[in-house]
Amino acid sequence: VAARPGVEDGWIVRREVVVTAARPRGVWRVDGVPVAPLLRAAAHDGRGGARALAAFARAHGLRADAIARALAWLRREGLLPG
């Protein structure tokens, strides 16, 4: 996880991104889900338990299906256990 500039609503803003070998500039969001805080929430609760992820969804106003797609991306990148 690193802080990098990116475009949001036409403005350059600094955001936490997840950096991988395939994405050295970093990824801020997957399907509208901010992946750096999602990675922390999933890691905090072991393997991304339901309690931590439900709290994350409420805090960010996100749908469960979007979070599931972002978690799948994190798993494909090898950042969470499969």
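In this text, all values refer to a predicted model and were calculated from it rather than measured experimentally. Throughout, residue positions are numbered sequentially from 1 according to the sequence presented.
In this structure, Leu38 CG and Leu80 CG are separated by 7.5 Å, a value rounded to the nearest 0.5 Å.
Minimum interatomic distance between Leu62 and Gly32 (heavy atoms only, all atoms of both residues): CD2-O, 3.8 Å. Across all non-hydrogen atoms, the minimal contact from Val13 to Glu8 is CG2-OE1, 3.4 Å. Taking every heavy atom of both residues into account, Glu16 and Val1 meet most closely at OE2-CG1, 3.8 Å. Here the closest heavy-atom approach between residue Ala70 and residue Val35 is recorded as CB-CG1, 4.3 Å. A pairwise comparison of heavy atoms in Pro5 and Ile12 identifies CB-CG2, 3.9 Å as the closest pair.
In this structure, Arg76 has no salt bridge (charged side-chain N to carboxylate O under 4.0 Å, His left out) partners at least two apart in sequence or on a different chain. Evaluation of the side-chain contact (heavy atoms from CB on, under 4.5 Å) rule for Ala66 yields Asp31, Val33, Arg69 as partners, not counting sequence neighbours.
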Handout entry: Worked verdict on Glu77 versus Val27 for side-chain contact (heavy atoms from CB on, under 4.5 Å)
Key = CA-CA 11 Å; Glu77 293 295 318; Val27 173; over 6 Å; no
Exercise for the section: Go through the steps to decide whether Leu53 and Leu71 satisfy the test side-chain contact (heavy atoms from CB on, under 4.5 Å), and finish with yes or no. Expected result: CA-CA 10 Å; Leu53 296 178; Leu71 285 169; 3.5 Å; yes
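Residues Leu39 and Trp28 do not share a hydrophobic cluster, defined by chaining ILVMFWY side chains whose heavy atoms lie under 4.5 Å apart.
The environment of Arg4 atom CZ is dense: over 12 non-hydrogen atoms of other residues, nucleotides or ligands sit within 6.0 angstrom.
For residues 58-82, every residue pair satisfying the ring pair (Phe, Tyr, Trp, His ring centres under 6.0 Å) rule, not counting sequence neighbours, is listed here: Phe56-His60.
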